[in-house]
2 protein chains.
Amino acid sequence: MAYADQYIEKLRKSGLRPTKQRIKICEVLFDAEKTFHFTIKELVKIIENQANIKVSLATVYNTVHAFIKKGYLKEIPLNASQSYYDTNVSHHHHFFDVEENRLIDIHQDDVDEVNIKRTIPGKKIRSVEVIAKIVSDNQSQK
Amino acid sequence: MAYADQYIEKLRKSGLRPTKQRIKICEVLFDAEKTFHFTIKELVKIIENQANIKVSLATVYNTVHAFIKKGYLKEIPLNASQSYYDTNVSHHHHFFDVEENRLIDIHQDDVDEVNIKRTIPGKKIRSVEVIAKIVSDNQSQK
DNA sequence: ATAATACATTATATTTATTCTAAACTGTTG
DNA sequence: CAACAGTTTAGAATAAATATAATGTATTAT
């Protein structure tokens with residue numbers, strides 16, 4: 001893997017030693033052709049399918065959270081029963097299809113810059129996220 | 001209570017019979033001077049403090065969810081360990097102070113209209129929510 | 001009014017995501 | 001190669017949300 005060094009660096013910067021399990025997690029997350037959304041459980045399954053390495057839930061949780069802290073992953077602000085994460089850390093937003101439980105990226109260019117005029121003393125904005133909930137467009141909507 | 005009829009109507013429209021417990025829930029939610037944010041547990045505590053009626057968690061969950069379906073309450077899209085709800089159902093957004101776990105309303109006028117240019121075939125937008133995460137504004141931020 | 005029915009309430013059990021724990025393991029350093 | 005610091009893991013603990021089933025209450029028709 002030509003990417004291994006890159007992953008080792010990402011791990012080191014996140015304060016984690018590069019172990020077999022963690023490098024496998026990196027491969028799945030950052031080696032993909034496209035960015036994608038995932039839950040922790042889904043990520044564990046992908047790793048199982050794609051490699052012979054078994055990785056425990058706890059390791060995946062720890063690694064994912066370390067990467068979020070560093071900005072290598074993003075958490076998507078949804079009130080779902082489980083947390084959704086995104087390998088696309090660029091500035092963008094989401095549709096959430098509430099009927100199909102499906103997330104769809106909205107490219108930054110498709111949303112006008114969200115400009116918040118109000119400030120809170122002593123605080124600064126870390127992130128601004130837009131979630132647009134969508135539903136079927138039948139006339140008979142309730 | 002002059003409001004009782006109003007609450008009975010809200011309940012009926014939500015498909016719920018007006019019972020003692022549910023009317024108490026209405027009083028706490030809709031009788032307040034200001035709109036407010038709450039979790040289910042907090043709501044149960046407020047009811048306990050403010051009345052002699054004891055209301056079970058299940059009843060509160062059911063009633064709150066029926067009201068959300070009808071649009072009398074809103075769920076705030078946050079990945080917190082528990083769900084936050086809002087009695088302010090007008091169009092507005094939120095700051096979420098990640099360090100203090102505190103929600104602050106952003107009035108509609110303080111955010112430019114969020115205009116999403118992209119559409120999904122067969123789907124329509126039900127709601128658009130902006131969450132701005134805020135943190136302390138020390139120079140020494142990490 | 002009252003009886004019969006349908007719906008509510010409750011305490012408790014269940015489910016499930018997430019976090020914690022402690023024991024076994026790995027890899028690095030002296 | 002011994003000692004140490006950090007890892008991994010299975011399983012336990014935690015806690016929110018939902019389901020259950022017995023008891024209670026509102027509604028309806030009589």
Is B:Glu9 salt-bridged to B:Arg12, going by a charged N under 4.0 Å from an acidic O?
no
Atom-pair distance (OH on B:Tyr85; C1' on D:dA16), nearest Å
9 Å
Starting at atom CG of A:Leu43, determine the distance to atom P of C:dA17, rounded to an integer number of angstrom.
15 Å
Using whole Å, what does the distance between atom C1' of nucleotide C:dT26 and atom CD1 of A:Ile23 come to?
14 Å
Have a look at B:Leu57 and say if it touches a base, only the backbone sugar-phosphate, or nothing, with a 4.0 Å heavy-atom cut-off.
nothing
Between A:Glu100 and B:Lys123, is there a side-chain N and carboxylate O pair less than 4.0 Å apart?
yes
Could you go through B:Leu103 and B:Leu78, starting from their C-alpha distance and side-chain angles, then the distance that decides it, and tell me whether this counts as side chain to side chain contact (heavy atoms under 4.5 Å, CB included)?
CA-CA 10 Å; B:Leu103 272 165; B:Leu78 265 191; 4.0 Å; yes
Between D:dT9 atom C1' and A:Ile25 atom CD1, what is the distance in whole Å?
13 Å
Answer with base, sugar-phosphate or nothing: what part of the nucleic acid does B:Lys20 contact at a heavy-atom distance below 4.0 Å?
nothing
Find which nucleotide of DNA chain C each of A:Tyr84 and B:Thr59 is nearest to by heavy atoms, and output the residue with the more 5' nucleotide.
B:Thr59
In whole angstrom, give the distance that lies between atom CG of A:Asn101 and atom P of C:dT16.
15 Å
C:dT10, OP1 or OP2 - any side-chain N/O from B:Gln21 closer than 4.0 Å?
yes
Option among A:Thr19, A:Ile25, A:Thr63 that satisfies the side-chain contact (heavy atoms from CB on, under 4.5 Å) test with A:Val55:
A:Ile25
Across the strands shown, which category fits B:Ser81 at heavy-atom distances under 4.0 angstrom: base, sugar-phosphate, nothing?
sugar-phosphate
Pick base, sugar-phosphate or nothing for A:Arg12, based on heavy-atom distances below 4.0 Å to the nucleic acid.
nothing
Taking the side chain of B:Pro18 as its heavy atoms from C-beta onward, which of D:dT9, D:dT27, C:dA11 lies nearest to it?
D:dT27
Measure the distance from CG on B:Leu11 to C1' on C:dA8 and round it to the nearest whole Å.
12 Å
Taking only the side-chain heavy atoms of B:Gln82 (C-beta and beyond), determine which of D:dA17, D:dT18, D:dT7 contains the nearest atom.
D:dA17
Within the 4.0 Å heavy-atom criterion, would you say B:Ser83 contacts the bases, only the backbone, or no part of the nucleic acid?
sugar-phosphate
Using a heavy-atom cut-off of 4.0 Å across all strands, would you classify B:Thr19 as base, sugar-phosphate, or nothing?
sugar-phosphate
For A:Asn62 and C:dT19, give me the distance from atom CG to atom P, rounded to whole Å.
9 Å
Quick check on C:dT19: is either OP1 or OP2 less than 4.0 Å from any side-chain nitrogen or oxygen of A:Tyr61?
no
Closest approach of A:Cys26 and A:Leu11, non-hydrogen atoms and distance?
SG-CG, 4.0 Å
Spacing of B:Glu75 atom CD relative to D:dA17 atom P, expressed in whole Å:
8 Å
Before accepting this row, confirm whether a basic side-chain N of the pair B:Asp109/A:Lys117 lies closer than 4.0 Å to the acidic partner's carboxylate O.
no
Distance test, side-chain N/O of B:Arg17 to OP1/OP2 of C:dA6, below 4.0 Å
no
Nearest-nucleotide 5' precedence on DNA chain D, A:Val55 against B:Lys41:
A:Val55
